[in-house]
Amino acid sequence: MDYEKLYITGEWIPGASGTFIDVENPATREIFDRVPAGNAEDVDKAAKAAHAAFPAWAAKTLDERIALMEKFLEIFRSQEDGLIDITIKELGSPWAFTKGSQVEYQYVRTRSYIDLAPTVPMVEKMAESTTYREPVGVVGCITPWNYPLGQVIQKIIPALLMGNTIILKPSQHTPLSAYWLVDAFEKAGFPKGVFNLVTGRGGEVGNALSSHPLVDMISFTGSTKGGVTVSKHALESVKRISLELGGKSPYVILKAEDHDYNKPIHLCFNTIFLNSGQTCTAFSRLLIPESEKETIEKQLVEIAKEYTVGDPEDHNVKLGPVSSRAQYDKITSYIKKGVEEGATLLYGEVPKDLGETGGYYIHPVIFTDVKNSMTIAQDEIFGPVLCVITYKDIDDAVAIANDVRYGLNAGVYGPKQEAIAVAHRIQSGNVYINDSPRDTAAPFGGYKESGIGREGGVYGMIEFTQQKALFDTCKE
C-alpha cells in the first residue's frame with residue numbers, strides 16, 4: 001500500500017505541500033511510514049471533486065448504491081489480515097481486541113447500514129403535503145485516532161448510502177487503515193469523486209474542510225474542545241453539523257444480596273481498560289454502594305490482575321501501549337493529579353518516566369476514595385484510569401451520575417427492573433442494562449457536551465439527509 005498520496009477525483013495524487021507527517025508505532029516508538037501533510041489547496045481540489053460528483057451520485061437509485069456497497073463490503077472483508085496488522089502498528093491496539101472490535105465489528109456495522117437503508121423513511125405522506133428526504137451534499141468527515149476504522153465506517157457508509165459524496169480526513173496519528181478503505185471503494189467501482197481522502201493535521205485540513213463553501217456538512221468525532229472549534233468554522237457558512245464528542249461515563253452497580261460483583265466488574269473493566277481506556281464510551285466512573293465498598297474493592301484488585309499489559313502482537317495480551325507520547329504524558333499527569341487531590345491508589349501506580357527504548361505503556365490504575373468534584377472524576381482522561389465513587393442510596397447514585405458535563409454513555413447493573421428505573425433517570429444518550437449487548441440498529445450519541453446528532457442505524461442515516469415538503473394536494 002502506497003501511503004504517500006492523496007485520493008481525489010478517483011486518482012492517487014501527491015499532496016500540494018510536498019511535505020509529510022510521520023506515523024509512529026507506539027509499541028516501539030519507531031517511525032514506520034508517512035502520509036501527506038494535506039493543506040487548504042488539497043481540500044479545495046477534493047471539495048470541487050465531491051461537488052462535481054454529487055448530482056450523478058444522488059440521482060442513482062438506492063438499489064444501485066447498495067449494489068456498490070455490497071461489492072465494497074466483500075472487498076473490505078477480504079482485507080482483514082492487512083487491516084489487523086496495520087491497526088496494531090499505528091495504534092498499538094492488542095491483536096485480540098483489534099481483530100474483534102477494531103476490524104470485524106466494522107463488517108457488522110457496514111452490513112447493518114446496508115440492510116437498514118431500505119427502511120429509512122425517504123417519503124412521508126402528510127394530510128396536505130408529501131415530505132421527502134434528500135442527501136445533504138458534500139460531507140466532510142473528520143475522524144479520531146482511537147478507532148481508526150470504526151469511526152470512519154460510522155460516517156462514510158450511511159452518508160454514501162443516502163446519496164452524499166465524501167471528503168475524509170482521518171486522524172494524523174492513525175491514518176493508514178483509511179487507505180485500505182479507499183482501495184476497497186476503488187476496486188468496488190465507486191464513481192470518481194464520490195469518495196476522497198485528504199490526510200493532514202486537524203488545525204489545517206479540518207479547519208479548511210469546515211470553512212470550504214462547497215462542503216455542505218461536517219461530521220466530526222473527537223474531543224469536545226475540537227468539536228467546538230470545528231463547529232464555529234462550519235457555522236460561519238451555516239453548514240449542517242454532527243458531533244460525537246467526549247464522555248465521562250458512570251457505571252452504577254446496585255447492591256447484590258450475594259455480594260458477588262464479578263460480572264459487573266468485568267463489564268466495567270472491559271470498557272475502561274481494553275483499548276487502554278482510549279474509548280469515548282468507557283465506564284470511567286464506577287459508582288458502588290457505600291456499604292459494599294470494602295467487598296467490591298477486594299474484588300476490583302483481584303480481577304484487575306487479569307488485564308495484562310504487553311506487546312500488542314501477543315495474542316494473549318489485553319492492553320497494549322497508549323497511542324502517543326502526548327497521550328502518555330496527559331494520562332500520567334492526571335494520575336499524579338488524582339494522588340495530589342487525595343484519591344487513594346487502590347491498584348496500579350504513577351507511570352515512570354519513559355526511557356530510551358520501549359513503548360508508551362501505562363498499566364491499569366484504579367482510584368478509590370474519589371469525590372465526584374475531583375478533576376479525575378470530571379475530566380475525560382482517555383486512559384486506563386478508573387475512578388471508584390461510593391453512593392449512599394439510589395437518589396445519591398443518580399445525582400453523582402448526572403453531576404458531570406458529559407452524557408454519552410452509562411451502565412447500570414442489578415435487578416433488571418430496578419436497573420431500568422435507574423437508567424431512565426441518567427442523563428445519557430446510551431445506557432447499558434446488565435450484560436445487554438450493543439445494538440447496531442440503535443442510535444448512538446450524547447446529551448450535554450457529548451455531542452449533537454446521532455450515529456448508527458436508521459437515525460444515523462437520517463442524519464445525512466435534509467427534508468423537503470411538497471404541498472401537492474391542489475386539484476387538477
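No hydrogens, no waters, no symmetry mates; every other heavy atom, side chains included, goes into these values. Residue numbers run from 1 in the order of the sequence given. Keep in mind it's a predicted model, so treat the numbers as computed, not measured.
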Original post:
So F76 and Y107, ring-ring contact (aromatic ring centres under 6.0 Å, His included) or not? Walk me through it.
Top reply: CA-CA 8 Å; F76 185 26; Y107 307 146; 4.8 Å; yes

**OP:** Tell me, with the steps shown, if K330 and D379 meet salt bridge (Lys or Arg N to Asp or Glu O under 4.0 Å).
**Re:** CA-CA 11 Å; K330 174 190 171 187; D379 287 4; over 6 Å; no

**OP:** Give the intermediate values and the outcome of salt bridge (Lys or Arg N to Asp or Glu O under 4.0 Å) for residues K155 and E455.
**Re:** CA-CA 8 Å; K155 300 181 187 304; E455 295 181 336; 2.8 Å; yes

Original post:
Checking salt bridge (Lys or Arg N to Asp or Glu O under 4.0 Å) for the pair E236/K239: CA distance, chi angles, key distance, verdict?
Top reply: CA-CA 8 Å; E236 287 176 1; K239 300 185 193 307; over 6 Å; no

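Between the N164 side chain and the P135 main chain, no donor and acceptor come within less than 3.5 Å of each other. Under a 3.5 Å cut-off, the side chain of E449 and the backbone N or O of G246 do not form any donor-acceptor pair. Side chain of T143 to main chain of Q151: no donor-acceptor pair is present (N/O by atom type, distance under 3.5 Å, no hydrogens or angles). At least one donor-acceptor pair closer than 3.5 Å links the side chain of S276 to the backbone N or O of G320.
G310 and Y361 get closest at one heavy-atom pair: O-CE2, 3.2 Å. Taking both residues in full, the closest heavy atoms of F97 and S93 are given as CD2-OG, 3.5 Å, listed atom of the first, atom of the second, then distance.
Between E104 and the options K99, R111, R109, a salt bridge (charged side-chain N to carboxylate O under 4.0 Å, His left out) holds for only K99.
Relative to the six-membered ring of Y132, K468 misses at least one condition, a distance below 6.0 Å or an angle of at most 45° to the axis. Taking the centre and axis of the six-membered ring of F72, the NZ or CZ atom of R77 falls outside the cone set by 45° and 6.0 Å.
How far CD1 of I376 is from OH of Y334: 10.5 Å, rounded to the nearest 0.5 Å. Atom OH of residue Y406 and atom OG of residue S284 lie 9.5 Å apart, to the nearest 0.5 angstrom.
No side-chain donor from either of T174 and E90 sits under 3.5 Å from a side-chain acceptor of the other.
Between Y360 and Y328, the ring planes lie tilted relative to each other; the angle falls in the 30° to 60° range.
At a threshold of 4.0 Å, the pair D435-K263 counts as salt-bridged, since one of the basic side-chain nitrogens sits closer than that to a carboxylate oxygen.
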